[in-house]
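First the proteins, then the strands, lettered A, B, ... as listed; each starts at 1. Predicted model, so just to flag it, every value in this text is computed and none were measured.
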2 protein chains.
Amino acid sequence: MSTTTRGRADRRPSITDVAKRAGVSVGTVSNVLNRPDQVSDSTRDRVLVAIEELQFVRNASARQLRAGTIQTVGAIVLDIANPFFTEVARGVEDRLAADEYTLMLSSSDEDPEREARYLRLFEEHGVQGVMVTPSAGSLDGLLALRDRGIDVVLLDTTSPVDDISSVAVDDVRGGALAIEHLVSLGHTRIAFLNGPLTIKQCVDRREGVLAALADAGLDPAASLVEITIGSLNAEGGEDGVNRLLDADGDRPTAMFCVNDLTALGALRALRAHGVAIPAEMAVVGYDDVVFASMLTVPLTSVRQPTHQLGWTAADLLLRQRSEGAAFQHQRVQFQPELVVRGSSDPSA
Amino acid sequence: MSTTTRGRADRRPSITDVAKRAGVSVGTVSNVLNRPDQVSDSTRDRVLVAIEELQFVRNASARQLRAGTIQTVGAIVLDIANPFFTEVARGVEDRLAADEYTLMLSSSDEDPEREARYLRLFEEHGVQGVMVTPSAGSLDGLLALRDRGIDVVLLDTTSPVDDISSVAVDDVRGGALAIEHLVSLGHTRIAFLNGPLTIKQCVDRREGVLAALADAGLDPAASLVEITIGSLNAEGGEDGVNRLLDADGDRPTAMFCVNDLTALGALRALRAHGVAIPAEMAVVGYDDVVFASMLTVPLTSVRQPTHQLGWTAADLLLRQRSEGAAFQHQRVQFQPELVVRGSSDPSA
DNA sequence: ATTCGACGTTGAAACGATTCACGCACTCTA
DNA sequence: TAGAGTGCGTGAATCGTTTCAACGTCGAAT
């Protein structure tokens with residue numbers, strides 16, 4: 001059974017095989033690998049030749065088992081297919097590279113169960129820390145993880161507890177920015193395509209929405225049409241618009257989408273229904289992803305410092321590890337910025 | 001040193017700790033974990049309680065070290081930020097899930113060195129197989145990997161050798177489709193924003209381009225303006241267009257971009273230069289990513305069966321493992337499809 | 001009454017690397 | 001020439017799990 005799938009060797013060569021071939025002890029081979037300067041030139045060369053001849057590749061499991069831990073951290077984002085999160089991930093990688101850490105990256109697809117599964121997988125693999133954009137309302141799992149010695153930093157959401165750090169953008173402000181803008185254009189009946197309120201970003205942006213409406217003296221009951229979509233992507237947006245247009249009552253004149261991917265789907269559905277943008281429906285997205293400015297109708301959006309977000313989260317995580325008990329937990333918060341384009345403002 | 005970063009426990013509990021607490025041997029705990037039906041109810045319950053109380057989490061390293069291998073495969077794509085590849089990855093995941101395999105996903109960013117580094121990392125971690133979209137011209141590293149017992153399937157490129165399987169889309173045909181379309185619209189001077197020829201897709205699409213020109217009786221030297229861009233993304237596209245417009249000589253009336261991300265950047269730069277699309281410049285992309293139909297000028301593109309591509313690659317890999325020596329290497333090839341939109345055809 | 005198999009459990013031997021106390025052979029110094 | 005110091009190398013213990021031969025116990029079959 002084991003020979004069928006193996007080309008040549010029946011078993012990958014171990015450090016012992018290398019030692020035998022080079023005529024040294026395993027300890028010496030290990031030294032060549034990890035402290036080459038403590039080995040004489042001739043011995044080192046002999047070992048390196050043996051490694052080359054046998055095509056020896058270190059066994060990470062054995063290495064890690066003995067060493068106890070390895071320079072790896074995990075990150076779980078809501079949706080790896082969302083350009084916003086890939087840019088965040090790039091920021092994380094850039095910071096980790098400086099300390100020679102490796103990243104295990106996964107997407108929860110907004111499913112708390114998937115999130116939990118990946119967290120367990122990461123833990124079994126002995127990651128030193130995790131960065132998570134939680135998809136569940138509860139932080140219990142993450143707190144337990146922290147108690148088991150794995151550092152945790154929340155990514156793109158503000159921490160509700162004092163003893164877990166977070167790096168986020170002010171989503172309340174972001175939501176308010178979008179609505180203030182639409183209100184300033186004269187809209188008084190606005191649709192809000194939002195995700196489930198188990199996701200913190202959705203809660204916060206909604207809070208900003210409500211606050212901005214109140215500030216403008218508008219009654220949410222009359223001026224806001226909330227549509228909850230299942231997933232924060234193009235399909236969700238399309239679905240949300242279809243439900244909105246099917247519904248009875250006054251059709252809103254403006255729409256705020258919880259992110260740009262959702263807005264993309266919404267625009268597609270609106271176009272399919274022949275709704276003019278922004279004349280019949282003004283649209284605002286969130287994230288200002290790479291293609292937002294290039295759409296049929298350039299998308300007004302709330303911009304966030306993506307790369308910096310990821311970089312800072314990784315920085316916090318690494319500092320938390322290196323500083324140990326001296327580390328002060330903190331909530332880093334960046335400010336969002338509204339980018340006005342044609343999807344909301346014909347004069348833009 | 002070790003206590004500073006640990007919350008409570010100084011060391012994560014091992015199977016031995018669980019055994020002690022439950023008053024059984026380590027073998028029994030292992031049995032509870034792996035063959036629960038071979039353990040009596042009362043013992044099993046006692047062990048499970050101990051596991052719960054100690055918050056025991058299996059150590060994947062030890063597990064894998066002893067078991068020799070684990071249900072994991074790796075995948076390396078050219079650019080994780082490209083929606084094309086995230087869709088492919090989704091297809092891979094869907095197939096792997098059926099066999100309870102785990103995926104390690106990485107992006108080479110078209111850098112052969114990064115690719116090699118990730119391959120080594122995967123190998124050290126004992127993956128059973130890898131799916132790779134090669135960024136280097138040479139397959140030596142992959143062949144060596146295969147000889148060391150790790151199955152290899154090429155992803156989104158046709159295998160040049162008989163003993164490595166591949167799943168691809170006919171890129172020669174795809175390139176030809178784009179050019180045939182532009183020629184049929186009357187264009188005789190066409191720009192081709194292509195990536196480096198170390199990347200197989202670029203070579204193949206170029207071959208299709210040249211073949212289609214020849215079929216149309218056009219001399220490439222006169223009708224084709226080749227621009228080589230450094231990276232296959234929006235920045236590359238912008239850069240390519242800037243160089244094209246700065247150059248002397250007849251300006252082409254049409255442009256074929258090696259992928260949609262590149263086309264996005266190209267469109268942005270063209271707009272900045274006030275070039276009308278498609279009147280002054282017709283543009284065709286490749287991949288038909290999610291936002292292609294929604295751009296300022298909807299993008300004509302060559303569509304590929306992304307999800308199926310990934311699914312099939314994973315299927316081939318898993319079958320290769322399970323069938324062993326009986327497995328027949330094969331080159332699966334799907335056909336691309338041209339989707340005509342406004343960026344090339346005003347009547348579309 | 002003895003033998004047998006089934007069942008549940010044990011305990012020790014792996015897996016492959018790292019680490020560290022120790023030993024050996026030299027050279028240098030007093 | 002003894003003693004200290006230095007540079008290299010050794011080999012055994014260790015990490016946490018899985019696996020498997022072996023063992024005790026009990027009920028059924030002979």
Discussion item. Are more than 12 heavy atoms, taken from residues, nucleotides or ligands other than D162(A), located less than 6.0 Å from that residue's CG atom?
Written reply: no

Worksheet item: Would you call D163(A) and R146(A) a salt bridge, using N to O less than 4.0 angstrom?
Response: yes

Discussion item. Strictly below 4.0 Å, N to O, side chains only: are D315(B) and R319(B) in salt-bridge contact?
Written reply: yes

Worksheet entry | Terminal axis angle for the helix from dA1(C)-dT30(D) to dA30(C)-dT1(D), five pairs an end, nearest 10 degrees | 60°

Is there any protein nitrogen or oxygen under 3.5 Å from a nitrogen or oxygen in nucleotides 24-27 of chain D, and what are the pairs?
none

Practice prompt. Just do the side-chain contact (heavy atoms from CB on, under 4.5 Å) check on L142(B) and V132(B) with the steps written out, would you?
Written response: CA-CA 9 Å; L142(B) 291 172; V132(B) 184; 3.9 Å; yes

Worksheet entry | Rounded distance (Å) that lies between atom P of dT17(D) and atom CZ of R35(B) | 14 Å

Practice prompt. Count the heavy atoms belonging to other residues, nucleotides or ligands that lie under 6.0 Å from CD of E113(B), then report whether that count exceeds 12.
Written response: no

Fill in: Q55(A) atom CD, over 12 foreign heavy atoms within 6.0 Å
yes

Discussion item. In the structure I gave you, are the side-chain heavy atoms of V32(A) and L48(A) within less than 4.5 Å of one another anywhere?
Written reply: yes

Discussion item. In the structure I gave you, are the side-chain heavy atoms of I76(A) and F122(A) within less than 4.5 Å of one another anywhere?
Written reply: yes

Worksheet item: Is any side-chain N of the basic residue among D109(A) and R90(B) closer than 4.0 Å to the acidic one's carboxylate O?
Response: yes

Response to the item:
D45(A) atom CG is separated from dC8(D) atom C1', nearest whole Å, by 15 Å

Worksheet item: Between dG16(D) atom P and I70(A) atom CD1, what is the distance in whole Å?
Response: 15 Å

Worksheet item: How does protein contact run along nucleotides 4-16 of chain C, one letter per nucleotide 5' to 3', with B for base contact, S for sugar-phosphate only, - for none, heavy atoms under 4.0 Å?
Response: ----SSBB-BBBB

Worksheet item: Can you check the Q64(A) CD to dT17(D) P distance for me, whole Å?
Response: 13 Å

Worksheet item: How about E87(B) and T306(B): does a side-chain donor come under 3.5 Å of a side-chain acceptor?
Response: yes

